[in-house]
Amino acid sequence: LLWLISVVAAIDIAAYLVGSTVKGPRIAPAISPGKTVSGSIGGTLAGTVIGLALATFIFPGLGYLAADCLSLLVVVSSEIGDLLESYLKRINDVKDSGTLLRGHGGLFDRIDSHLAGATALICWILIVGI
C-alpha cells in the first residue's frame, strides 16, 4: 500500500509540475483540458523511477526488470484511471464527483488513480506474484 501510494503521488505531482512548467499539447482537451503530453511523460518517468527505487526495499525478491515493469504498469493504469474518471464526469456533465471535496473534483477524483493503480497491482500479484 505504501508503495502504491508513493508511486501514484509521484505521478500526480510530477505530471502537474512538468505539465504546468513545460506546457505543450494537451492529451485529451475534451476530457481533461489541463493534462498535457509533457506532464504525462514527466509523471510516467517519475512514477516509474520512484516505483523501481522503492520496490528494491519493499519487494526485495522482485528483480529490477520485474520491478520496472510493475511500476510502469501501475503508472499507465493510474493515468488511464484518472482520464477515465474525468471522461465519466464530462459525459454526465458533472463538475465534482461528490460534495466532500468541493472544488477538487470530489473524493473520487482524489482516488481515481489509486483505484486504477491498485487494480493493476492486484492483477500483477495474482498473475505474476511478488
Side-chain angles (χ1 to χ4, degrees):
L1 187 58
L2 174 64
W3 180 85
L4 177 68
I5 291 169
S6 300
V7 170
V8 174
I11 299 163
D12 287 344
I13 292 166
Y16 174 75
L17 291 175
V18 172
S20 61
T21 303
V22 177
K23 305 222 187 292
R26 308 283 183 214
I27 289 179
I31 296 172
S32 188
K35 290 184 181 20
T36 62
V37 173
S38 62
S40 180
I41 292 169
T44 298
L45 289 173
T48 304
V49 168
I50 294 296
L52 179 60
L54 290 177
T56 306
F57 300 106
I58 296 176
F59 311 123
L62 198 61
Y64 288 116
L65 180 60
D68 197 35
C69 290
L70 173 59
S71 298
L72 188 59
L73 173 70
V74 169
V75 165
V76 170
S77 299
S78 296
E79 291 191 70
I80 290 171
D82 191 29
L83 283 171
L84 177 63
E85 195 265 343
S86 294
Y87 172 72
L88 292 173
K89 285 187 347 185
R90 293 274 178 210
I91 63 171
N92 289 296
D93 200 28
V94 174
K95 180 178 176 356
D96 290 344
S97 60
T99 58
L100 190 59
L101 294 173
R102 281 189 197 272
H104 291 275
L107 182 61
F108 189 55
D109 203 41
R110 294 289 109 203
I111 63 170
D112 54 3
S113 298
H114 290 90
L115 291 174
T119 303
L121 178 59
I122 289 168
C123 289
W124 176 281
I125 290 169
L126 292 175
I127 296 168
V128 179
I130 295 277

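Because only heavy atoms are used, hydrogens play no part in the values below, and waters and symmetry mates are left out as well, while side chains stay in. As the structure is a prediction and not an experimental result, all values here were calculated from the model.
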When every non-hydrogen atom of Ser77 is compared with those of Ala120, the smallest separation belongs to OG-CB, 3.2 Å
Looking at every heavy atom in both Ala66 and Leu62, which two are closest together, and how far apart are they?
CB-CD1, 3.6 Å
Any side-chain heavy-atom pair from Asp82 and Lys35 closer than 4.5 angstrom?
yes
Path from Trp124 to Ile50 over hydrophobic side-chain contacts below 4.5 Å
yes
Closest non-hydrogen atoms of Trp3 and Gly51, given as atom of the first, atom of the second and distance, are NE1-O, 2.9 Å
Nearest-0.5 Å distance that lies between atom CG in Leu115 and atom CG in Leu4:
9.5 Å
Tell me which pairs pass salt bridge (Lys or Arg N to Asp or Glu O under 4.0 Å) where either residue lies in residues 7-32, with sequence neighbours left out.
none
Heavy-atom closest pair (Ala30 atom, Arg90 atom, distance to 0.1 Å) is O-CD, 3.5 Å
Could you tell me which non-hydrogen atom of Val8 sits nearest to which non-hydrogen atom of Ser78, and how far apart they are?
CG2-OG, 3.5 Å
Got Ile11 and Ser113 here, is their nearest side-chain heavy-atom distance under 4.5 Å?
no
Residues which pass side-chain contact (heavy atoms from CB on, under 4.5 Å) with Leu72, listed by chain and number, not counting sequence neighbours:
Thr44, Thr48, Val76
Do Val18 and Ile41 have side chains that approach each other closer than 4.5 Å (heavy atoms only, starting at C-beta)?
no
Would you compute the distance between atom CG of Leu121 and atom CG of Leu1 and round it to the nearest 0.5 angstrom?
9.5 Å
Find the distance between CD1 (Ile13) and CG (Leu17) and round it off to the nearest 0.5 Å.
7.5 Å
Least distance between heavy atoms, Gly24 atom then Thr36 atom
O-CG2, 4.0 Å
Could you state the interatomic distance from OG (Ser40) to CG (Leu45), rounded to the nearest 0.5 Å?
9.5 Å
So how far is it from Leu88 CG to Ile31 CD1, rounded to the nearest 0.5 Å?
9.5 Å
Are Ile91 and Leu84 connected in the hydrophobic side-chain network, where two residues link if heavy atoms are under 4.5 Å apart?
yes
So Phe59 and Leu70, do their side chains get closer than 4.5 Å, heavy atoms only?
yes
Do Val7 and Val75 make a side-chain contact, defined as non-hydrogen atoms from C-beta onward lying under 4.5 Å apart?
yes
Test item: Glu85 and Ser32 side chains (from C-beta on) under 4.5 Å apart, heavy atoms
no
Indicate, with yes or no, if Leu54 and Val128 share a hydrophobic cluster defined by side-chain heavy-atom contacts under 4.5 Å among Ile, Leu, Val, Met, Phe, Trp and Tyr.
yes
From Asp112 atom CG to Leu83 atom CG, the distance as rounded to the nearest 0.5 Å
9.0 Å
